[in-house]
Each structure stands twice: as C-alpha cells, then as structure tokens.
2 protein chains.
Amino acid sequence: MTTSQSGDSPAGSGDAQKKLRPARTNATRQKLFEASMELIGERGAAGVTVDEIATAAGVSKGTVYYNFGSKSDLIAQLLRHGVDILMARLLSVRDDSADPLAAMEEMIGQAMDFMAEYPSFARLWVSENWRTPSEWQDTFAELRGRLLAVIGSAIDGVAAAYPVDPAVSRGSLETAIFGACFVVGLDRQTYNPERTREQSVAAIMASMRGYVVKQPPARA
Amino acid sequence: MTTSQSGDSPAGSGDAQKKLRPARTNATRQKLFEASMELIGERGAAGVTVDEIATAAGVSKGTVYYNFGSKSDLIAQLLRHGVDILMARLLSVRDDSADPLAAMEEMIGQAMDFMAEYPSFARLWVSENWRTPSEWQDTFAELRGRLLAVIGSAIDGVAAAYPVDPAVSRGSLETAIFGACFVVGLDRQTYNPERTREQSVAAIMASMRGYVVKQPPARA
DNA sequence: CTATTTGAACTGACTGGTCAGTTTAGTTAG
DNA sequence: CTAACTAAACTGACCAGTCAGTTCAAATAG
C-alpha cells in the first residue's frame, strides 16, 4: 500500500511491457524466477522465505519487493512464467494432421521433457493447484484452461481421424492425460529415475489407444 | 525430542496397539485426524498451525502434543490413517478373476469414491508426495509402495487374461493410473463438479483398454 | 570532454507479529 | 486412582513487509 521507493516501483502485476524494461531488471527477475521455482518446488510456497529466495538469487530482499509487490505476486507471476514455457513447447508440435495420434504422442513427449527439465515447477503446480480457497485460484483456473485447450484440440484431432469411444468424455480424458503427464513425470524423477522417457510416454499414450475404438490404422 | 508430558505420553510413532488404547484417546485422535486432514488439505502442511488444528478438533493444544509428539508426527500418522482407509477400499474389490478388467474398473471406482469422500487427503497427498527432501519421504515411499502393489496386481490380472502391449511397462502404467485417480478425482471436485463418477472411471479405464492389445471383448 | 543531475534499481537493518513446542498446575472421566 | 485432557502463559526462533539510504548508468549542462 504505502510503497514508496525512490523511483516508481515496476512491481505492477499487470505488467504491460516486458521488453521495454531495462536489461538489469529482466535479468534480476529471471534469477528470481529460477531461484523461486527451485526452492518452492522443494519445500512448498509456504515453506520458503523471501529471504531465502533473495539469497539464492544473489539479490537482496528489498529487490524482491521492488520487482514484485509481494511474495504472493512473485508466485503468481512464476506460475505464468512456467506455463508460458510449457505452452510454447506444446505448441511447437507441428499439427501435421498426417497422423493426429503421432502428434499427440509428440506432445506428451514434449510434456515429459518439460517435467524433466522443470521438475520444481511441476511440484509447485501439483502442490498448489487444487487448494481451495487459495490466493492463486484465479491464476490457476486461467492457466489450467489454456493448457487444457491445447490438449483438447489434440484430442479433437484424434477424434476427427479415428472412430472413438463415445463413452469417454473429452473433458475427463483431457484431465486424465494432463494429470498423468505431471504425475508420471514427477514420479519418474522422484521414485523411478531409471524409467525412460519412452516408457512414460507409452504409458500415457495407452489412454489414447484405448480411446480410439481400434481397427484400421493401428499399426504397420 | 525433549518431549516430557505429565503422564507417559502414548505419542509413540511406532504405535503397536491401537485398539488397546482407552476409548477417549481413540476418539480424540480421530477428531484430530479429521480436523488435520481438512485444514492441511486446504492450506498445506506448512500453512496450518497446531493451534488451529486443536481448535478445529475441539481439543486443547496440549492434547495434540500429548497424543502426538509433534506436528510432524501427527501428519505422518495422518498419512498412514488415510492410506489405511484407501487400501481397505481397494482390497474390498473381490478378485473374481471372472473378468480382471471389470475388477480393475471397480477398483478405480473405489478410488474415485475415496477421492470424493476425502478430497482433503488427496490434496495433502499430491501436495507433499513429491517433495524432496521432506520429513515424510520414507513414509511416502512405504505407503506409495503398498498402494502400487495393489494396483500392480490388478494389472497383472489383466495381463494374465488378455494379450497386452509389451511396449507398455507395468510400472509406468501403475504410476499413470494411480496418479490419474488422484488428479481426476481432485479436478472433478475443484473444477468440474458436474462430471460423473462414471465419466471419470471411463477416462482412466481408457488406459487399460489401450493396454490390452485389441481383439475379443472390444465391442459386439 | 567533464561536471552535475536524475531516478530506476538495489540494499539490508528493522519492526511487528506469528508459531512450534514447552511447562505447569489443575480438572475430568474411565 | 490414574491416564487423558485443559488452559494459559512462556520461550526462542523466524518471517513478511517496510523504509531510509546507496549505487550507477544515462541524460543534461557547461
């Protein structure tokens, strides 16, 4: 409220211009994102102090409050940051429409890669996603919607090219696949590091193969 | 550590006798489990105070430390308590061996019922399960193993009765199904209350139908 | 080309408050 | 009679957020 830095604080949550911001700030924010993701993924949002985050980022506590208005804001923007990265990867899958099932498989592979590269983000997501009420409820709802839309359209692609089981609702399937990506990715990193990327993808893809109602272009 | 209540504290984490304990204590512990599950599911283990738990359970703070040695102990035993309930439900599914797929489906249904009845436990589980390092790491590893064993044997039943896709490893499939149960259950409660139990079960069962390698009992 | 100014970015000590866990003396119920 | 529980005060650590002050690069002035 009574924030009064010497200059105008850029902490604005509704940040309009990302690129226009001086280089130093962007670097600082990036460092803060990385440190936060790591620490919060390990010990949970409530279990990490702002001091720790600042120290890990090689920055003073005040800088955190200069760049973000509050711990809560930092986390909200961290969530957006991570989802931006994941979305970019999912959308990088060319929608060949040659084979929607193959596109789906590649997408799941991209998701697995993301989980392997940012396991802390995945932990943060599953830790806070279903809390209710939570400070980030709206943020989660929005981001979840965006991600599910991408998966949903991939499922639609499959449903358009193959006969599918009408007893399986698209929404539930979206959720099951989306959730399985997080959980399988996290389990691999935590309990089964020997599991390969391909095994994990295959296990998740099983639901897609069970969704299409077997027959023509299955193999060969 | 330096715990020393007036009487001999029964807080022992390696509690041998549950039933031998006087009725009052069991009732108190039950109330504390319920209150903890609710609060911790909502705000996370670190976000809830012992005072709050005690108040919600209608009990004094000292009682918490009398029955459990610490907040950490309370949570560890809470995890065991919840898993006991879930295990009992999963094992209640009669292994007809008439149709292993049907048994699997009923098991997933039981899991969905559990998630609907104890959503807070599910939240607690996914919130803390993949943290590393964590005070409950060993507890989680053990409980996870127990649950996966049950699911695994159900999968084995299917694999024994149907031709299955060898490219899908049993372990990854276990994980995917186990995780999907939690995630689909939580998503239903948080974001899609209109989703039916059957839709959710069908979505998760899709992976089992994709696991068996086409043919006889697909469709008329 | 040097001196001065400006203000965004950053610092870190400090404050007010919270919390886990302890202790004690007394009360209740089986 | 004794295990279980209460109530309330206390400790020591910790933490989110604040704010007065510092740094420095770039703009402006001489």
Side-chain angles (χ1 to χ4, degrees), chain A residues 1-13 15 17-32 35-36 39-40 43-76 135, chain B residues 1-13 15 17-32 35-36 39-40 43-76 78 135-136:
Chain A
M1 301 308 161
T2 44
T3 311
S4 73
Q5 241 64 31
S6 31
D8 249 12
S9 157
S13 5
D15 55 329
Q17 72 311 29
K18 261 175 191 167
K19 310 235 151 174
L20 301 181
R21 203 191 306 284
R24 190 159 42 135
T25 296
N26 277 338
T28 299
R29 291 166 70 93
Q30 183 63 32
K31 280 192 296 178
L32 282 170
S36 308
L39 290 171
I40 294 176
R43 313 216 301 274
V48 173
T49 72
V50 175
D51 280 296
E52 282 173 318
I53 292 171
T55 300
V59 136
S60 82
K61 188 182 192 175
T63 299
V64 176
Y65 284 91
Y66 179 77
N67 280 281
F68 305 92
S70 66
K71 187 185 182 184
S72 199
D73 254 34
L74 165 60
I75 292 170
E135 315 164 76
Chain B
M1 305 307 165
T2 44
T3 311
S4 73
Q5 239 65 30
S6 34
D8 247 13
S9 159
S13 9
D15 54 331
Q17 72 311 30
K18 261 178 192 168
K19 309 235 151 172
L20 303 181
R21 205 190 307 284
R24 191 156 46 131
T25 295
N26 278 336
T28 299
R29 291 166 69 92
Q30 183 63 31
K31 281 192 296 180
L32 281 169
S36 308
L39 289 171
I40 294 176
R43 314 217 298 276
V48 174
T49 73
V50 175
D51 282 296
E52 281 174 320
I53 292 171
T55 301
V59 135
S60 80
K61 187 182 186 178
T63 300
V64 176
Y65 283 92
Y66 180 79
N67 281 280
F68 304 92
S70 66
K71 185 186 182 183
S72 201
D73 256 33
L74 164 61
I75 292 170
L78 175 60
E135 323 171 52
W136 308 293

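Just so we're on the same page: letters track the sequence lines, and every chain starts at 1.
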Distance check needed: [N] [atom2] versus [X] [atom1], whole Å only.
X: I75(B); N: dA20(C); atom1: CD1; atom2: C1'; result: 12 Å
X: Y66(A); N: dT23(D); atom1: OH; atom2: P; result: 17 Å
X: L74(A); N: dG17(D); atom1: CG; atom2: C1'; result: 14 Å
X: K31(A); N: dA9(C); atom1: NZ; atom2: P; result: 14 Å
X: I53(A); N: dG17(D); atom1: CD1; atom2: C1'; result: 14 Å
X: L32(A); N: dA9(C); atom1: CG; atom2: P; result: 13 Å
X: E135(A); N: dG17(D); atom1: CD; atom2: C1'; result: 14 Å

Considering non-hydrogen atoms only, spot the tightest contact between V48(B) and L39(B) and give its length. CG2-O, 3.4 Å

Heavy-atom pair with the smallest gap, counting every atom of A56(A) and A35(A): CB-CB, 3.9 Å

Distance (rounded to the nearest 0.5 Å) between [X] [atom1] and [Y] [atom2]:
X: W136(B); Y: I75(B); atom1: CH2; atom2: CD1; answer: 4.0 Å
X: L74(B); Y: I53(B); atom1: CG; atom2: CD1; answer: 5.5 Å
X: E52(A); Y: K61(A); atom1: CD; atom2: NZ; answer: 11.0 Å

Is the side chain of K71(B) donor-acceptor paired with the backbone N or O of A45(B) at a distance under 3.5 Å, no angle test? yes

Donor-acceptor pair, distance only, cut-off 3.5 Å: does the side chain of T63(B) make one with the backbone of Y66(B)? no

Whether [X] contacts [N] is assessed here as follows: a side-chain N or O lying under 4.0 Å from the phosphate OP1 or OP2. Is that the case?
X: T63(B); N: dC5(D); answer: no
X: N67(A); N: dC10(C); answer: yes
X: T28(B); N: dC5(D); answer: yes

Go through dA3(D), dA8(C), dG21(C) for me and flag the one nearest to the S70(B) side chain. dG21(C)

Can you give me the N/O atom pairs linking the protein to nucleotides 9-16 of chain D at distances under 3.5 Å, or say none if there are none?
unit_1, atom_1, unit_2, atom_2, d
dA16(D), OP1, V48(A), O, 3.4
dA16(D), OP1, K71(A), NZ, 3.1
dA16(D), OP2, V50(A), N, 3.0
dA16(D), N7, K61(A), NZ, 2.8

